[in-house]
Structure formats: C-alpha cells, structure tokens
Amino acid sequence: MRAEAIVDLSAIKFNVELLKKTSGTKLLAVVKADAYGHGLVPVAQAAVSAGADYLGVALLEEAVALREAGITAPILAWLVQPGSDFSQAISLDIDIAAASLKALSEISLASRNLQKKARVHLEVDTGMTRGGFLAEWDQLNSEHVKDIEIVGIFSHFARADEPGEKQNQDQMARFAEMVAKLEALGFSQLIKHLSNSAATLKNNAAAFDMVRTGIAIYGLSPDVQTLGSSSALKLRPAMQLRAALYLVKDVPSGTPVGYGATESTKSDTRLGVVTMGYADGIPRIARGAGVWHNGARAPIIGRVSMDQFVVDLGPDSKAQSGDWVTIFGNGSHGEYTADDWGAASQSINYEIVTRIGPRVPRIYSPHIY
Ligand SMILES: *Cc1c(COP(=O)(O)O)cnc(C)c1O
C-alpha cells in the first residue's frame with residue numbers, strides 16, 4: 001500500500017453527539033463533497049447512528065447515492081440545478097432547496113406530474129449574497145407553493161467564524177423578517193435553520209430548529225485563528241493521512257531538490273520520497289508542512305509534484321524505504337495537522353481534507369490513536 005486516509009468513525013460519532021448537545025436542537029450532518037473527503041456513505045451512517053436528524057448535501061446525485069446505499073434518514077440537497085430531474089428527488093423523498101421562483105415552478109410541475117408533493121426548504125439570502133431568494137422574495141405568494149410542501153426555511157452565515165462581527169446580528173434580524181413573511185402566508189410548522197459549524201459552536205442564539213454542521217463533525221475547527229484549534233473546541237479530528245516512503249537517500253549539503261530546484265539541502269542529510277502529490281490533493285504550493293516519522297517532523301523540501309514530494313528527514317534519521325509516515329493527524333503526538341497543511345498552503349483545513357483524491361483509499365477504523 002502506498003497511502004491511505006484512515007477515518008475514525010467513532011470520532012465522527014463523538015463530534016455529532018457533542019454538537020447536538022451544544023446546539024440543543026436538531027442537527028443536520030453535512031456530508032457533501034464525499035463527506036469533506038472522508039467518504040459519503042460510512043460517514044452518513046455514523047452520523048445517523050450518533051443521532052443526526054438530517055443529512056445535508058449540495059448535489060442531487062449525492063442525495064441519490066445516499067438513498068441507493070439504503071439510508072432512510074431525511075436528506076436535504078441544496079444545490080439542485082434548474083432543469084434537474086426533480087421527479088427523482090420527489091420519488092426518493094429527498095428534500096430540495098429552492099432559491100428562485102423559477103425553481104419553484106419547475107419543482108411544482110414535477111410534483112403535479114407525479115401527483116406527489118415535493119418537500120421544499122426555501123433558501124433566503126440574508127447577506128451572504130450567494131444562494132437564496134433576495135429581491136424575488138417580495139413577489140413570493142401562496143400560488144407559487146400550492147402544489148408543494150414547504151418544510152423549512154434557511155439561510156447561511158458569511159462571517160460566523162468571526163462571532164463579534166455585526167453582520168451576524170444583521171443576518172439573524174433579516175432571517176427573522178423573512179421567516180415572518182412566510183408565516184404570514186400561513187406556514188407555521190417550518191424547520192428554520194441558519195447555523196453552520198462556527199455558529200453552532202459560538203452563537204447559540206442562531207440555532208433555531210436545526211443546525212447544519214459540516215467541518216466540526218469531522219473534528220476540525222471552522223477557523224483556527226478566531227475560534228481556536230480542534231482540541232480547544234473539544235473536537236476529535238477524524239482523519240489521519242499516511243503514506244509509505246517510496247525511497248530514502250543520503251545527499252550532501254547544497255543538493256537541489258525537485259522541479260525548478262527551488263530549494264537545496266542546508267546540510268548533509270537523508271531525504272525521503274513520499275508517493276503522494278497534487279493529484280492526491282497535496283497542494284503544490286505547500287511550504288512549512290511535511291510528515292511525521294519516528295517521533296520527529298520532517299519538512300517538505302522543494303516543490304510538490306503530481307505524484308510525489310520529498311521530505312528532509314535529517315542527518316540522523318534511520319528511516320528506510322517502506323516506513324510509514326503520517327502526513328497529518330490529530331496532532332497529539334506532534335504530527336502535522338490538517339490545520340498546519342492549510343496554513344502551509346495559503347488555504348484552510350476544509351480544502352485540505354476535501355481535496356484528498358480518489359486514488360487514496362479510505363480505511364475505516366474505530367481507533368486510530
Ligand atoms: C457547506 C455548508 C454548511 C456546512 O458548513 P461548515 O462550515 O462546514 O459547518 C452548512 N450549510 C450550507 C448551506 C453549506 O453549503
């Protein structure tokens with residue numbers, strides 16, 4: 001085996017239980033993008049068994065894959081493109097988000113054809129200026145929704161990872177107004193949901209009837225700078241990424257390494273070749289991260305290539321080819337974390353775990369550490 005991402009499903013369960021307790025309300029586990037790279041179906045099953053009330057995905061095909069795997073929990077898909085096969089969603093009891101009158105009319109048509117009402121959550125734009133009804137909200141009337149079942153209303157925070165920012169209060173106030181309009185149209189049993197992970201952890205006033213937690217169920221902090229690390233938040237990182245050293249070699253000081261010879265060794269040293277590269281989601285620009293081997297950090301040297309990168313194991317290293325190294329883990333032993341890789345790549349932990357490519361097998365283990 002060259003590399004593997006070990007996913008600790010008991011960590012996912014622990015995080016779901018913790019977040020449910022923290023929010024005191026229903027929890028939708030966000031499993032879009034292959035469960036942030038952790039594996040759609042195993043994570044969804046773990047989340048549901050830990051008490052998640054809903055599963056949330058971006059795409060209809062992600063929701064269909066969950067149903068095909070036999071998962072019967074409520075599912076919400078929030079980026080179902082106009083022109084999609086809404087009848088498939090309705091038949092499979094997949095809740096759909098709608099963010100425009102055009103979407104509502106397409107969903108209504110599919111409902112009439114099937115003689116089964118679609119379950120719809122209306123997405124409203126409260127200041128993120130991305131998805132959701134904005135100006136069209138004022139035109140919405142009962143006619144637009146008479147053939148469908150309006151189950152919920154939701155919106156999304158732009159700055160929940162900065163809890164002191166006024167925009168959070170503004171978005172909550174706007175949300176309340178938009179909810180009030182819908183209630184005035186006669187809808188009273190709505191599931192109202194606004195919070196992502198950061199708001200779930202830091203803004204309980206925004207919990208409403210359900211929270212939508214993504215990154216935190218994977219045990220990662222929504223923002224290490226503003227909210228603190230996983231351990232400060234009492235979350236358990238679920239993924240450990242490991243690889244076997246393909247080759248080790250001893251080189252003299254001043255040896256240039258990799259494409260462009262962007263770096264040279266600063267002393268006589270032992271180098272290790274790791275067979276993971278940007279095709280596997282290791283960012284090409286990563287600088288200042290590396291691997292953990294035998295109790296020590298070995299930083300990347302030179303540019304990351306498509307399928308491999310080189311680490312400086314140090315002059316005293318006893319590493320041999322075939323030895324396993326940890327690329328990131330929960331940090332408890334001193335290994336690099338997904339947070340470290342995010343910082344080393346001008347990015348965030350979300351992007352690091354989500355982009356681990358399909359060539360890397362996911363191994364499910366109850367215990368990593
Ligand atoms: C991705 C997503 C979430 C989850 O966000 P996290 O920061 O990972 O908790 C919640 N809601 C919507 C609409 C999303 O797209």
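In each ligand, atom 1 is the first atom listed, and ligand 1 is the first ligand listed.
Distances from atom 10 (C) of ligand 1 to the heavy atoms of H193, E123, M128, R212 put R212 nearest.
With respect to the salt-bridge test (charged N to carboxylate O, under 4.0 angstrom), the residues R174 and D170 do not qualify.
Cation-pi geometry between R297 and Y336 is satisfied (NZ or CZ under 6.0 Å from the ring centre, within 45° of the ring normal).
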Side-chain donor-acceptor pairs of residues 322-329 under 3.5 Å, sequence neighbours excluded:
{"unit_1": "D323", "atom_1": "OD2", "unit_2": "H293", "atom_2": "NE2", "d": "2.9"}
{"unit_1": "D323", "atom_1": "OD2", "unit_2": "Q320", "atom_2": "N", "d": "2.9"}

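When only non-hydrogen protein atoms are considered, atom 13 (C) of ligand 1 lies nearest to W78 CE2, 3.6 Å. Remark: minimum distance from atom 9 (O) of ligand 1 to any protein heavy atom is reached at S197 OG, 2.5 Å. Ranking the protein heavy atoms by distance from atom 7 (O) of ligand 1 puts Y350 OH, 2.6 Å first. What sits closest to atom 2 (C) of ligand 1 on the protein, heavy atoms only, is K32 NZ, 2.6 Å.
Using a 4.5 Å heavy-atom threshold, the side chains of N203 and P163 count as separate.
Judged as a salt bridge (Lys or Arg N to Asp or Glu O under 4.0 Å), the pairs with a partner in residues 301-315 (not counting sequence neighbours) are, in order, D307-R359.
Every atom of ligand 1 is numbered from 1 in the order shown, and the set under 4.0 Å from a heavy atom of Y36 is 1 (C), 4 (C), 5 (O), 6 (P), 8 (O). Counting the atoms of ligand 1 from 1 in the order shown, those under 4.0 Å from a heavy atom of I215 are 6 (P), 8 (O), 9 (O).
Considering backbone and side-chain N/O atoms, G214 comes within less than 3.5 Å of an N/O atom of ligand 1.
W78 pairs with exactly one of H121, H156, R212 by the side chain to side chain contact (heavy atoms under 4.5 Å, CB included) rule, that one being R212.
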